[in-house]
Novice: 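Encoded as C-alpha cells, here's the structure I'll be asking about.
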Amino acid sequence: MKIAFTTKGINWDSKIDPRFGRTEYILVYNEENNEFFNYDNREIEKEAHGAGPQTSQKLFELGAKILVTGNGPGGNAATVLEKAGIKTFVGAGEMTVKEAYEAYQENKLNELQWS
Amino acid sequence: MKIAIASGKGGTGKTTLSTNLAKYLSKEFEVVLTDLDVEEPNSGLFLNLDEILEEDKFKMIPKWIEDKCTLCGICQKSCNYHAVIQLGEMILVFPELCHSCYACSELCPEEALPMIKQKMGVLKQFKTDKLNFVESRLEIGQEQAVPLIKETNNFVENNFGKEVLKIYDSPPGTSCPVIEATKNADFVFLVTEPTPFGLNDLQLAVETMRELNKDFGVVVNRSDSNNKLISDYCDSQKIKIIANIPNKREIAELYSSGEEIYSKVPEFAVELKKIKSFLINELKVD
Amino acid sequence: MKEIVVISGKGGTGKTSITASLAYLGGKDLVLADCDVDAADMHLLMQPEKIKSEDFYSGLLAKIDPELCTNCGICANVCRFNAIPVINNQHIIKPLDCEGCGYCEKVCPEKAIIMEEQNVGFWQISNTRINNKLVHARLGIGAENSGKLVAKVKNEAKQLAKTDNKKYVLIDGSPGVGCSVVSSLSGANYVLLVTEPTVSGIHDLRRVYTLVKKFSIKAGCIINKYDLNYAKTQEIIDYLQEENIEHIASLPYDEIFIKAIHSGKTIVEYDKEYFYEKLKECWNRILELIEN
C-alpha cells in the first residue's frame, strides 16, 4: 500500500504540512518495499486557483491509496480524491511524518467521509 | 438613467442607502433597484416586497461524453483554469473553476466535451406600486460573480424601459465584480465614512472609477465631526460630496432589524432629498 | 508556531479593529498577516516601516504582437469575453475584459499572441509600531484576491515567525466564501469569527461557518455591537451553541471603535479600561484554547 503525506520536508522527521492543495512536498511511503518517494509540489505556488484538484491529481499519478494530511482538502479536491479512490485521514497537522504514520496505524486519525 | 451605488469596502452602508433611496424615490418616480452583490445579496432583507418572478440563471460548462473520448489530454492542456482534469481514464470537470471560454470544448478533436447549461444562480423580481426590485443569488459553491452580474444586468435592460430610474447596489471592493456592476452606469455614488479606513477605501474606489472613466460623487455615511477628513480629500480631488448621512445609533438599530429608516429619522430623509435634487438638477432625471 | 485566523464573511463588523487589538496584546510573540487584501486597512493602525517589498504576478493576460498579426480575426471569433476589438485596423486586447483563458493564443495561426503573467500589485513586510512584523499586500484595479496571494502573504508570515522564533501568526482573513477564504483557512489552528447582530451579519456568519466546518478547525466567536439588537444577539448565541462554537465575548456598540481608528490606535490602546480588559480576556482565552 502506498501512503501519501503532505509535508514540509522529505524524510521521516519532517513536519506534516497542514495544508492540502498548497502543500510543499508530497511524501509517498510504499509499505511493501519500505521505499520513500518525494515529490516537490512547490510549483503549485504559481497557481492562482485550483491548487486542490491539481494536488489530488498528482497523488493519483503517484499511485497513493491513502492520504494523511492536516486540515483536509477543500470541496473540489475532495471530489478528485473520492473519484481517485484515495482514503483521506486528517488531523496530523502538528505531527512529524513518523508520528503521523504511527497515528494512522493506531487508528488515531479521522477518516474523511465523502458526502 | 442608471446609477450605481458602490464603495471600496463592505459595511459602509451601501445597502442602507440603496434600499432607502429606492423607496424614497419611488414615491415620485418609477424605480427599479437591482442588487448586484450576487455573493451576498442583502438588499431584499430590508424591503419586504412581493415576489412576482423567479428564474434560474445558467452558465455554460463542458460535459464529458465518455464514449467519444479517446483520452488524448488536449482538453486538460487547453484549460488555463485547471477546471478540466484527467484522472486515469476519467475526465473531471469543475464547474466553479470554469470561465465558460469554450476552449476545451471546441479544441476537442472528438467532440467529447459539448457545452451544456449549468445553474449558477437564481434571479428574483419583486414589486409594489412604483418600486421594482431585482436580485440574483449565486448558488453555494459557485465562485464567479461576473457572469451572473452580466445576466442580471441584461434582465434589467430587457425588462425596464428608458423611463425607469435604475439603481444598482454594487458589490464591495475594486475587483472584477465591481467593474462589471458599474461599467454601464451613467453615474456612481461612492459611499464612505469619515474614518482613516473609509478614506483609504474611498481613494481606491476613486482610482477605479477614474480608470473606468465614470462620472461619480461621494455620499458620506456615519457623518460626524470628522467629516473634514473626507471633504478635504474630495476638495483636493474636485469630487462632489452629494450628501452626509449623520452618525446616529438609532439608524444602526433600525438597520439591525431590517427596518426602513428615512420615515423614522428626519435627518436621514433630508439627505435623501439632497440626492433627489442632485438627480433632478444635475443628472436631469424627470 | 500556531496560526490564528480572523474572519467575518461581511464587512463592517469591526474585524480589523479587533484583529489589530489582538495583535497589540500579542505584541512581540506574533507576526501579523493581512489577507483581507480587498480592504487592506490594517496598515493604517500600524504605521508600517517597510523592510522588504516585492511585485506580485498573477493571472494571465493575452498580448498581440502587431508585427506578426495579420488581422485574420480568428482570435476575436473564439473569444467569449469580447475582449479583442479592432481599433485602427488592428486587433487589440482589452485588459479589463480579458479573462486569461488563452483560447486566442491556441488558435492564432501566426503565433502572434502570447499569454503574459500580470503584475497585479505587490506584497510587503514591515515593522509595526507595536513591536511585531506585518505582512500585507496591495492589489491594483480590477485585480482579484486569490488563493495564490493569500498563500504568499501567509507563507511569508510563517517564514518570519520561524526565523524570528515567534509563537503565533495572526491573520486578518479574506471576506466572502471563495477560494481566497479556503486559502486563509488551510493550515489554521484556530478560527475567530467576528459578527454583529444584524440580519446580514447573521446570514453571512452562517455562510462562512459552513466552510470552516469542512476543515474541522476549532472556532470561537466575538459578537460585536451586541446591544444594537438583543433579539438578534440571542439568535446568534443559539446558533453558536447549536454548532458548538465557543462564544468568546460580546462587545457593545461604542464610538470608541471609530475614535480609536481616528487616532491611529488600536481599541485596547485607546481605551485602557473596559475594552482593554475585555479583549485581553479574549486573547488569553484564545491562547488557552489553541494550546490544548
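Below, read A as the first sequence line, B as the second, and so on, with proteins coming before strands; counting in each chain starts at 1.
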Novice: Is it the case that more than 12 heavy atoms not belonging to B/Lys264 sit under 6.0 Å from its NZ atom?
Specialist: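 Yes, the 6.0 Å shell around NZ holds more than 12 heavy atoms from other groups.
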
Novice: Give, as side chain, backbone, both or neither, the part of B/Glu106 having an atom under 4.5 angstrom from any heavy atom of chain C.
Specialist: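 Contact with chain C is through both the backbone and side chain of B/Glu106.
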
Novice: Who wins among C/Thr210, C/Thr13, C/Leu45 for the most heavy-atom pairs under 4.5 Å with chain B?
Specialist: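 Going by pairs under 4.5 Å, I would pick C/Leu45.
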
Novice: Under 4.5 Å from any heavy atom of chain B, what part of C/Ala40 do you find: side chain, backbone, both or neither?
Specialist: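 The backbone, not the side chain.
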
Novice: In terms of heavy-atom pairs under 4.5 Å with chain B, which of C/Leu60, C/Val78, C/Ile261, C/Thr16 leads?
Specialist: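 Max contact count across the listed options: C/Ile261.
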
Novice: For chain C, which of B/Pro194, B/Cys104, B/Pro196 has the most heavy-atom pairs under 4.5 Å?
Specialist: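 Greatest number of close heavy-atom pairs with chain C: B/Pro196.
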
Novice: Is it the case that atom CD in C/Glu117 sees more than 12 heavy atoms from other parts of the structure closer than 6.0 Å?
Specialist: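 Enclosed.
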
Novice: Closest approach of B/Tyr255 and C/Ser200, non-hydrogen atoms and distance?
Specialist: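 Scanning both residues completely, I find the closest heavy atoms to be OH-OG, 2.9 Å.
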
Novice: Counting heavy-atom pairs under 4.5 Å to chain C, which of B/Gly258, B/Gly13, B/Ser78, B/Ser257 comes out on top?
Specialist: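 If we count pairs closer than 4.5 Å to chain C, B/Ser78 comes out on top.
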
Novice: Tell me, please, which residues at least two apart from C/Ala137 pass side chain to side chain contact (heavy atoms under 4.5 Å, CB included).
Specialist: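 Applying side chain to side chain contact (heavy atoms under 4.5 Å, CB included) to C/Ala137 gives C/Val37, C/Trp123, C/Leu149, C/Val153.
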
Novice: Could you tell me which non-hydrogen atom of C/His262 sits nearest to which non-hydrogen atom of B/Asn226, and how far apart they are?
Specialist: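 Where C/His262 meets B/Asn226 most closely, the heavy atoms are NE2-ND2, 3.0 Å.
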
Novice: Do C/Arg138 and B/Glu207 sit within salt-bridge range, that is, some charged N less than 4.0 Å from a carboxylate O?
Specialist: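 Answer for the salt bridge query: yes.
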
Novice: Answer yes or no: are there more than 12 heavy-atom neighbours, outside C/Lys265 itself, under 6.0 Å from its atom NZ?
Specialist: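 Check fails, neighbour count at 12 or below.
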
Novice: Could you walk me through whether B/Arg249 and C/Asp227 satisfy the side-chain contact (heavy atoms from CB on, under 4.5 Å) test, starting with their C-alpha distance in whole Å, then the side-chain angles of each, then the deciding distance to 0.1 Å, before giving a yes or no?
Specialist: CA-CA 11 Å; B/Arg249 188 186 170 108; C/Asp227 52 343; 3.3 Å; yes

Novice: Using heavy-atom distances under 4.5 Å, tell me whether B/Lys77 contacts chain C through its side chain, its backbone, both, or neither.
Specialist: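 Backbone only.
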
Novice: Any side-chain heavy atom of C/Val199 sitting closer than 4.5 Å to one from B/Phe46?
Specialist: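 The answer is yes; the side chains approach within 4.5 Å.
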
Novice: Determine whether more than 12 heavy atoms belonging to other residues, nucleotides or ligands lie under 6.0 Å from atom CG of C/Asn82.
Specialist: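 Result for CG/C/Asn82: open.
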
Novice: Would a 4.5 Å heavy-atom cut-off, applied to side chains only, mark B/His99 and C/Phe81 as touching?
Specialist: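 In contact.
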
Novice: Would you find more than 12 non-hydrogen atoms of other residues, nucleotides or ligands less than 6.0 Å from B/Lys150 atom NZ?
Specialist: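 Correct, the count exceeds 12.
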
Novice: Using the salt bridge (charged side-chain N to carboxylate O under 4.0 Å, His left out) criterion, which residues pair with C/Lys213? Sequence neighbours excluded.
Specialist: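 Listed in chain order: C/Glu243.
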
Novice: What part of B/Tyr81 gets within 4.5 angstrom of chain C, counting heavy atoms only: side chain, backbone, both, or neither?
Specialist: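 The answer is the side chain of B/Tyr81.
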
Novice: How would you list, by chain and number, every residue that makes a side chain to side chain contact (heavy atoms under 4.5 Å, CB included) with B/Ala112, sequence neighbours excluded?
Specialist: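 Side chain to side chain contact (heavy atoms under 4.5 Å, CB included) list for B/Ala112, sorted by chain: B/Lys68, B/Cys69, B/Cys108, B/Glu110.
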
Novice: Can you check whether anything in residues 97-114 of chain C gets within less than 4.5 Å of chain B, heavy-atom wise, and list it by number?
Specialist: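 Within residues 97-114 of chain C, near chain B: C/Asp97, C/Glu99, C/Gly100, C/Cys101, C/Gly102, C/Tyr103, C/Lys106, C/Val107.
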
Novice: Under 4.5 Å heavy-atom distance to chain C, tell me which part of B/Leu204 shows up: side chain, backbone, both or neither.
Specialist: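 Contact with chain C is through both the backbone and side chain of B/Leu204.
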
Novice: Would you mind checking which part of C/Leu44 comes under 4.5 Å of any heavy atom in chain B, side chain (CB onward), backbone (N, CA, C, O), both or neither?
Specialist: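 It is the side chain, since no backbone atom gets that close.
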
Novice: Rounded to the nearest 0.5 Å, how far does OG1 of B/Thr208 lie from CG of C/Leu96?
Specialist: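 Going from CG on C/Leu96 over to OG1 on B/Thr208, the span is 10.0 Å.
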
Novice: Heavy-atom distances under 4.5 Å only: say whether B/Leu212 touches chain C with side chain, backbone, both or neither.
Specialist: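 Just the side chain, heavy atoms under 4.5 Å.
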
Novice: Distance check, rounded to the nearest 0.5 Å: B/Thr195 atom OG1 versus C/Ile258 atom CD1?
Specialist: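 These two atoms lie 7.0 Å from each other.
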
Novice: Charged N to carboxylate O under 4.0 angstrom, C/Lys259 versus B/Asp224?
Specialist: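 B/Asp224 and C/Lys259: not salt-bridged.
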
